[in-house]
*Asks:* 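Mind looking over this structure? Questions follow.
Keep in mind the model is a prediction, meaning the values are calculated, not measured. Naming convention: chains lettered A, B, ... in sequence-line order (proteins, then strands); numbering from 1 in each chain.
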Amino acid sequence: MRNIVALLIRYHNFLLFFGLQIVALSVIYNSGKFHRSEILEHSSDIAGYVYSKRTDLTRYLRLGEINDALSLENADLRGQLADKYRLRNAVDSIIDSLLQQRYEFRSASIVNATVNREQNFIVLDRGTYGGIAPDMGVISNGCLVGVTRSVSKHFSVVMPVIHSDFKASVRIGRNGSFGSLVWRGGDAAIAKVIEIPKSIQVNQGDTIYTTGYSTYFPPMILVGRVEGVDDTDNDYHVIDVRLAADFRKISYVDIISDLLRFEQDSLLEQEPSTHGAANSH
Amino acid sequence: MAQQILISTVRILFLLLLQALVVSRMNLFDGLILPWVYIFGILMLPLSMPSWGIMLSAFAVGIGMDYLSGPMGLHASSCLVIGLVLPWMRRILAPREGYDSTQKPTVQKMGLPWYLTYAGAVTLAHHAWFFIVEVFRTSDLGYQLIKILLSSVLTLILMTIGQYLIYNSKN
């Protein structure tokens, strides 16, 4: 007995280490891959306060840049508005439900974000009270950013393209063939497009857009441009894409809600053979 | 003693904020180098502190860092490694007559070679543990090793420069 006590005293530091290490590792293990709850909890307490103050400061310093982007986007939208009027005049006998609104856009600003990890995240200052729900598409200046995951009352967490679990269906603008967009760590400006067969020719500089097959994003949202093609794999291209959204700089985003989403998804669920098809972004 | 505890606590809180608000925002070579300078607060704990005290303080610093950035438990786990390695290094590097009460673990008091060995070993242990736990599922071992080494070197450089800036030769 005395020996055991002596042993405990002799190695108390080791025992302390192992005891606390087990606590720490089990907390890591239980918090799961995306660590959602912690990020959300943070957004409303002291740490959230500190981070929002820092964001306020950096946003203030970048006001000029943000204004430029906004005025450009305004001009662009105004141009589209003119197109719409022309269209309506051309088909002036049909005014009603033919052109039903499908997508709603909500603006939000970024409270906190990471770019230098394997599993990055973005926290937005809008939650369920602002009309945000999980699994909505997120874009910035018309460029693909990510998908909302967990949402609290006032905040939401976005899984950006630069998260190792992100996947979205995209197409090459020039010939319309489609593949999957993934990110495998490293450079936050480069993602990869896989699953495009080698029979399809891909050139450097080709534009990549979303397909609109899922209910997360409308079609033709800009993803980026082809930077290079790696053909060492057997049947498929592995395409490097320079992302159009600069994750180091974005401070405002638009969140897309698809008003017809439940209609489309419920239709898919009725078909036994398409189960699971709605799950990819 | 009370003064030492107060100074250490303030230093640790300052370093945690510095880490979360400034250093973690640096994006060097696309996330290849990510220095964790907040461990400087643990390295500077008084030499007279017992090893269990160092272990518990390190754990608390780790929880503080977890609270400010990312997944709960990651820094706590890595800082426990410091709690284990730090007392070893202090024992191994101790002068023959032991540390006297005026000595601090700084370049000015202990000399540059002593400091680089001491801080280098602790930093490497912490960074290695951290990056291995963080990307446990990454298969790219070579990239991970380079990341550990370069990040450790930058942390060490930043901490040493910090010492020359904070402690002049008078104290």
Side-chain angles (χ1 to χ4, degrees), chain A residues 9 11-39 41-42 45-55 57-58 112-121 123 162 164-165 184-190 246-249, chain B residues 16-17 20-34 50-56 58-60 62-88 91 129-131 133-140 143-144 147 151:
Chain A
I9 292 170
Y11 292 108
H12 69 279
N13 219 32
F14 265 118
L15 295 173
L16 202 57
F17 174 77
F18 282 115
L20 293 175
Q21 195 62 263
I22 287 167
V23 174
L25 289 176
S26 61
V27 169
I28 300 176
Y29 181 76
N30 288 330
S31 63
K33 268 189 186 172
F34 203 61
H35 316 298
R36 302 160 192 223
S37 51
E38 289 85 359
I39 296 165
E41 275 163 24
H42 279 178
D45 58 18
I46 306 167
Y49 175 79
V50 171
Y51 281 123
S52 66
K53 281 293 163 211
R54 184 203 60 206
T55 311
L57 181 67
T58 49
N112 192 11
T114 64
V115 292
N116 48 17
R117 308 194 184 167
E118 299 276 311
Q119 297 174 338
N120 294 294
F121 63 85
V123 182
I162 50 168
S164 52
D165 293 338
R184 290 181 178 154
D187 193 345
I190 304 283
D246 187 344
F247 287 91
R248 295 193 193 92
K249 283 188 181 169
Chain B
L16 286 178
L17 285 178
L21 298 181
V22 182
V23 182
S24 289
R25 307 293 292 184
M26 298 198 308
N27 194 11
L28 300 168
F29 305 102
D30 301 312
L32 177 66
I33 306 183
L34 185 54
S51 57
W52 59 268
I54 291 174
M55 182 72 80
L56 291 179
F59 191 54
I63 290 174
M65 198 62 231
D66 281 334
Y67 175 75
L68 285 169
S69 89
M72 221 52 199
L74 189 54
H75 288 286
S77 171
S78 317
C79 284
L80 282 174
V81 176
I82 300 186
L84 197 65
V85 176
L86 193 79
W88 282 351
R91 216 174 304 143
W129 186 278
F130 177 87
F131 290 120
V133 172
E134 189 194 26
V135 259
F136 198 64
R137 59 209 199 103
T138 300
S139 50
D140 199 347
Y143 177 80
Q144 218 51 34
K147 186 168 176 172
S151 301

*Asks:* What's the shortest heavy-atom distance between B:V81 and A:Q21, and which atoms?
*Replies:* CG2-NE2, 4.1 Å

*Asks:* Using heavy-atom distances under 4.5 Å, tell me whether B:P50 contacts chain A through its side chain, its backbone, both, or neither.
*Replies:* neither

*Asks:* Counting only non-hydrogen atoms closer than 4.5 Å, does B:I54 touch chain A with its backbone (N, CA, C, O), its side chain (CB onward), both, or neither?
*Replies:* neither

*Asks:* Quick check for you: among A:V23, A:N112, A:L16, A:L20, which has the greatest number of heavy-atom pairs under 4.5 Å with chain B?
*Replies:* A:L20

